[in-house]
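To start, the structure under review is shown below, and the notes come after it.
Keep in mind the model is a prediction, meaning the values are calculated, not measured.
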Amino acid sequence: MGLFNWRAKDAGSPRTIDPAAYGYVPAAQLRADRAGPAPDFDVVDPLVATGNWPHLAGFLATIAMTSERRFAVLSRLGNAAAGNDGWLRQWLAADPRSVNALTVYAESLVSAAWDIRTSDRAQNVSREQWTGFFRVLRDVPDVCRRAIDIDPADPAPWIALQTGALGLQWSNDEYRALWSEISARAPHSFTATHRAWNYWRPRWFGSLELMENFLETAIAAAPVGSLLTMTRIQMLEEEFRPDGDEARQAFYAGERVNRALSAGIHDAAAGDPGHVKLPYLRHWLAYGLSRAGRNRESMNQFFAIGGYCGADPWSWYSDPADKFTSTRADVTLRWEDAGRP
């Protein structure tokens with residue numbers, strides 16, 4: 001499911017490097033299907049493929065209730081069930097009071113609804129697509145409420161409700177009430193914060209001011225290492241980047257962008273090395289630092305990323321791996337040209 005992803009024109013460098021000479025992973029070995037290592041997905045994907053819901057249930061029971069790992073796995077399972085939900089139906093029939101199964105069901109409905117609608121802009125969505133979209137989404141609040149009634153302390157059903165609320169066009173006050181419930185159960189959640197940021201964007205039900213105020217308040221309240229600074233970097237790139245080459249050069253050289261990048265570096269350094277969202281922050285840092293001309297710092301992020309390019313902003317481009325490797329080469333060559341400072 002994507003929310004208005006766009007494709008940019010590739011602009012690779014005519015100069016190249018030997019990746020091995022710098023300790024980079026060669027282009028042929030890059031994985032475009034992952035942002036980084038995902039050991040939990042390596043566990044659950046084969047279980048989904050074989051319909052082994054008892055082992056899925058057992059695996060989820062080993063993950064802490066408020067862990068970002070759990071939220072990522074529930075979302076992954078929801079996306080999988082949107083395409084084939086036989087195993088999920090068996091799970092729900094055997095254990096109708098499983099909060100995990102109900103949350104996966106809610107996530108699957110959201111994913112299925114967006115598959116019907118597509119990620120195209122509203123004016124390009126047909127009447128039939130809109131009808132199917134709302135028909136499926138209208139079941140999400142009820143499924144989430146069933147899970148919430150079973151375990152009111154669990155944040156997962158509330159977080160699953162966020163994208164459903166976006167599609168169902170909840171009012172600002174309704175969404176604030178939802179956010180209050182989430183914050184009480186999973187304060188500083190990366191997944192919840194990123195989903196809420198989408199709601200407050202001007203293209204949805206907020207404005208530049210509401211969006212930025214929400215995000216800066218969330219970041220200020222969160223401990224360093226929560227990785228919420230990633231969404232600030234993404235916000236600047238997607239919502240505030242100006243048109244025109246000269247304006248963009250000034251933008252990337254400016255204090256606002258560079259302060260955000262420095263905060264992101266600090267956040268990444270303080271984060272749990274196994275945090276499921278850390279690779280996503282590193283991809284944004286590698287890209288943003290390259291645009292800002294902070295070549296050695298960008299190289300450091302590329303080293304940390306390793307052999308993965310399956311994340312935004314590379315996915316915006318028609319050939320993500322080529323954009324990833326060309327950017328990596330550019331910052332390395334600029335560092336060489338500057339005398340390896």
Side-chain angles (χ1 to χ4, degrees), residues 1 3 40 56-57 60-82 88 91-92 95-114 134 136-201 204-206 210-211 213-215 217-219 221-223 226-228 230-231 275-277:
M1 179 184 68
L3 301 183
D40 289 337
L56 284 172
L60 278 164
T62 69
I63 306 177
M65 180 183 287
T66 59
S67 170
E68 293 297 326
R69 288 178 55 212
R70 179 175 178 239
F71 304 146
V73 170
L74 291 171
S75 179
R76 179 84 166 185
L77 294 178
N79 288 335
L88 176 57
W91 185 5
L92 286 166
D95 190 2
R97 292 184 57 80
S98 167
V99 173
N100 280 330
L102 287 167
T103 301
V104 171
Y105 183 29
E107 293 276 7
S108 76
L109 291 172
V110 171
S111 183
W114 282 99
F134 287 118
V136 174
L137 271 190
R138 275 193 282 269
D139 289 336
V140 172
D142 178 62
V143 174
C144 290
R145 175 54 62 185
R146 286 160 54 194
I148 290 164
D149 288 344
I150 293 165
D151 188 353
D154 195 326
W158 295 97
I159 293 174
L161 183 54
Q162 284 184 279
T163 312
L166 176 82
L168 291 170
Q169 303 175 9
W170 281 22
S171 71
N172 288 179
D173 286 344
E174 289 173 315
Y175 202 89
R176 288 188 182 100
L178 172 60
W179 181 248
S180 178
E181 299 287 358
I182 293 168
S183 298
R185 293 163 175 82
H188 322 309
S189 164
F190 180 102
T191 300
T193 301
H194 195 271
R195 291 184 180 191
W197 167 68
N198 263 314
Y199 174 89
W200 291 111
R201 295 174 75 174
W204 291 105
F205 304 107
L210 288 170
M211 172 191 66
N213 285 345
F214 163 78
L215 192 53
T217 299
I219 292 172
S226 63
L227 311 189
L228 301 190
M230 189 211 84
T231 305
H275 195 300
V276 68
K277 296 300 182 181

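A heavy-atom distance below 4.5 Å is found between the side chains of Leu60 and Leu74. Side-chain contact between Arg138 and Val136: absent, with no pair of heavy atoms (C-beta onward) separated by less than 4.5 Å. Looking at Leu92 and Leu102, their side chains come closer than 4.5 Å, going by heavy atoms from C-beta outward. Proximity of Leu56 to Val104: side-chain heavy atoms (C-beta onward) are nowhere separated by under 4.5 Å. Counting only heavy atoms from C-beta outward, the side chains of Pro157 and Val99 approach each other to under 4.5 Å. Within the 4.5 Å cutoff, the side chain of Ile159 has no heavy atoms near those of the Arg70 side chain. You'll find the side chain of Trp91 reaches within 4.5 Å of the side chain of Asn100, heavy atoms only. Counting heavy atoms from C-beta outward, Val143 and Leu109 have side chains that approach closer than 4.5 Å.
The two residues Leu88 and Ala101 make their nearest non-hydrogen contact at CD1-O, 3.7 Å. Heavy-atom minimum distance, Phe71 versus Pro155: CZ-CG, 3.9 Å. Between Ala218 and Leu228, the shortest heavy-atom contact is O-CD1, 3.7 Å. Contact detail for Arg69 and Asp40: the closest heavy-atom pair is NE-OD2, 2.7 Å. The minimum heavy-atom distance between His188 and Ala221, with the atom names listed, is CE1-O, 3.1 Å.
Within the structure, the salt bridge (Lys or Arg N to Asp or Glu O under 4.0 Å) test picks out no pair touching residues 157-167 (sequence neighbours left out). Legend: salt bridge (Lys or Arg N to Asp or Glu O under 4.0 Å) pairs involving residues 179-193, not counting sequence neighbours, sorted by first then second residue: Glu181-Arg185.
Using cut-offs of 30° and 60° for the angle between ring planes, the Tyr199 and Tyr175 rings count as parallel.
In this structure, the side chain of Asn172 does not engage the main chain of Gly206 through any donor-acceptor pair within 3.5 Å. Here the side chain of Ser111 pairs no donor or acceptor atom with the backbone of Ser108 at under 3.5 angstrom. Looking only at distances, a side-chain donor or acceptor of Ser226 sits under 3.5 Å from a matching main-chain atom of Pro223.
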Side-chain donor-acceptor contacts of residues 164-171 below 3.5 Å, not counting sequence neighbours, with atom names and distances?
from   : atom 1 : to     : atom 2 : distance (Å)
Ser171 : OG     : Glu174 : N      : 3.1
Ser171 : OG     : Glu174 : OE1    : 3.3

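Annotation: the span from Trp158 atom CH2 to Ser183 atom OG amounts to 11.5 Å, rounded to 0.5 Å. With values rounded to the nearest 0.5 angstrom, Met230 atom CE is found 3.5 Å from Phe190 atom CZ. Going from atom CH2 of Trp197 over to atom CG of Leu210 covers 14.5 Å, rounded to the nearest 0.5 Å. The OG atom of Ser189 sits 11.0 Å away from the CG atom of Leu227 when rounded to the nearest 0.5 Å. To the nearest 0.5 Å, the span separating CD on Glu68 from OG1 on Thr191 amounts to 4.0 Å.
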Dump the intermediate steps for side-chain contact (heavy atoms from CB on, under 4.5 Å) on Val140 and Leu161, then the final yes or no. CA-CA 7 Å; Val140 172; Leu161 183 54; 4.2 Å; yes
Let's go through Leu215 and Thr193 carefully: what are the C-alpha distance in whole Å and the side-chain angles of both, what is the deciding distance for side-chain contact (heavy atoms from CB on, under 4.5 Å) to 0.1 Å, and is it a yes or a no? CA-CA 8 Å; Leu215 192 53; Thr193 301; 4.0 Å; yes
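For Arg176 and Asp173, the salt-bridge test passes: some basic side-chain N is under 4.0 Å from an acidic carboxylate O. Classification of Arg195 and Glu107 as a salt-bridged pair holds, one side-chain N sitting under 4.0 Å from a carboxylate O.
A side-chain N or O of Arg201 and one of Asn198 form a donor-acceptor pair less than 3.5 Å apart.
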